[in-house]
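Scroll down for the structure; my scribbles are underneath it.
Throughout, a chain's letter reflects where its sequence line sits, starting with A, and its residues are numbered from 1. Keep in mind it's a predicted model, so treat the numbers as computed, not measured.
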Number of protein chains: 2
Amino acid sequence: MNEMTKARTYSISDLAREFDITTRTIRFYEEAGMLEPERNGQTRIYSDEDRVKLKLILRGKRLGFSLAESRELIEMYDPTSDNAKQLHALRAKIQQSRVALEQQLADIQVMQNELDAAEERCQEALRELES
Amino acid sequence: MNEMTKARTYSISDLAREFDITTRTIRFYEEAGMLEPERNGQTRIYSDEDRVKLKLILRGKRLGFSLAESRELIEMYDPTSDNAKQLHALRAKIQQSRVALEQQLADIQVMQNELDAAEERCQEALRELES
DNA sequence: AGTTACCTTTACGTTAACGTCAACTTGAGC
DNA sequence: GCTCAAGTTGACGTTAACGTAAAGGTAACT
């Protein structure tokens, strides 16, 4: 942390507002071991790093991941791995995630096509009503 | 249904095996009003149409949709809409789905980039161990 | 000193999406 | 006629991811 890194901090309700979630949710993620904010007395103080983790969790949610899955993904980001076994396990997980994401990509593309078709039918039905 | 349409049927465990889910799950989807198989006495008999619906539900699950959301998506497929108001509501839903899907697409692409970076770091760490 | 606005912990409640028995029926094969 | 696999209907249990209320602390205005 040199003099250039701003080292911003956030209160729990700052983050709650920004991401449109409740403070309860944020505390719940901490209970689940996914966040470990500093404390000023009792009060939680969140860093930019905490904020990024929260973003990752919420992105995971949007993609339908459980908290456990999101935690695994987040753990991929720290290079704390010290032995080769861990690293190979990590690569396996990364590969797994890739496969899952490509399945999702395929699902989304199929679905987009189907939405196109659905809208076609919808417009067609509207044209009939007007005629 | 002309003489060319095969009109295959499936037992509950046929579908359970094919999609790797339990029969309880399939009955649950019926309770939730998402499937209405024929009956032979007590026994449920599933058509190709039921099978397609099940596929849609499961794809929805992979994309993180709730059953309620999947149901809405499925309802987009039948052109039972009779008045313009319904049709406009349908188009709104289709548009909503599109937005959600594009958010997911963006999330996935960001995530894929991050996985690339994570794998890079992982391989780098492995190279260091070997040196 | 009182009110307001946040923050805290503790703890019980809720909803979705099934899991897991238990007790029964039903058709196929021996 | 017996067994056995596969089906059925309840009905209660479970887990994840929070919601919600109770009871209280703290710092800043007024």
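- In this structure, Ile26(A) atom CD1 and dT20(D) atom C1' are separated by 17 Å, rounded to whole Å.
- Residue-level contact check: Thr23(A) touches neither bases nor backbone, having no heavy atom under 4.0 Å from any strand.
- Side chain to side chain, Asn40(B) and Thr43(B) fail the donor-acceptor criterion of an N or O pair below 3.5 Å.
- Side-chain N/O atoms of Glu114(B) and Tyr77(A) include a donor and acceptor closer than 3.5 Å.
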Extract from the structure each pairing of a protein N or O with an N or O of nucleotides 23-29 of chain D at less than 3.5 Å, listing the distance.
none

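- Looking at residues 58-67 of chain B, you'll see that no heavy atom sits under 4.0 Å from any atom of DNA chain D.
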Quick one: which protein N/O atoms are closer than 3.5 Å to N/O atoms of nucleotides 10-15 of chain D? Pair and distance per line, please.
none

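- With sequence neighbours excluded, no residue forms a salt bridge (Lys or Arg N to Asp or Glu O under 4.0 Å) with Glu130(B).
- Look at OH on Tyr29(B): it is 8 Å from P on dA17(C), rounded to the nearest Å.
- Distances shown here put a side-chain N or O of Thr25(A) below 4.0 Å from the OP1 or OP2 atom of dG19(D).
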Only pairs under 3.5 Å count here: list side-chain donor-acceptor contacts from residues 89-97 of chain B, not counting sequence neighbours, and write none if there are none.
{"residue": "Arg91(B)", "atom": "NE", "partner": "Glu119(A)", "partner atom": "OE2", "Å": "3.1"}
{"residue": "Lys93(B)", "atom": "NZ", "partner": "Glu72(B)", "partner atom": "OE2", "Å": "3.2"}
{"residue": "Ser97(B)", "atom": "OG", "partner": "Lys93(B)", "partner atom": "O", "Å": "2.9"}

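- Residue Thr22(B) has a polar side-chain atom (N or O) positioned under 4.0 Å from OP1 or OP2 of dG19(C).
- Taking a 6.0 Å sphere around CD of Gln103(B), one finds it holds more than 12 heavy atoms contributed by other residues, nucleotides or ligands.
- The stretch residues 11-18 of chain B touches DNA chain D through Ser11(B), Ile12(B), Ser13(B), each having a heavy atom within less than 4.0 Å of the strand.
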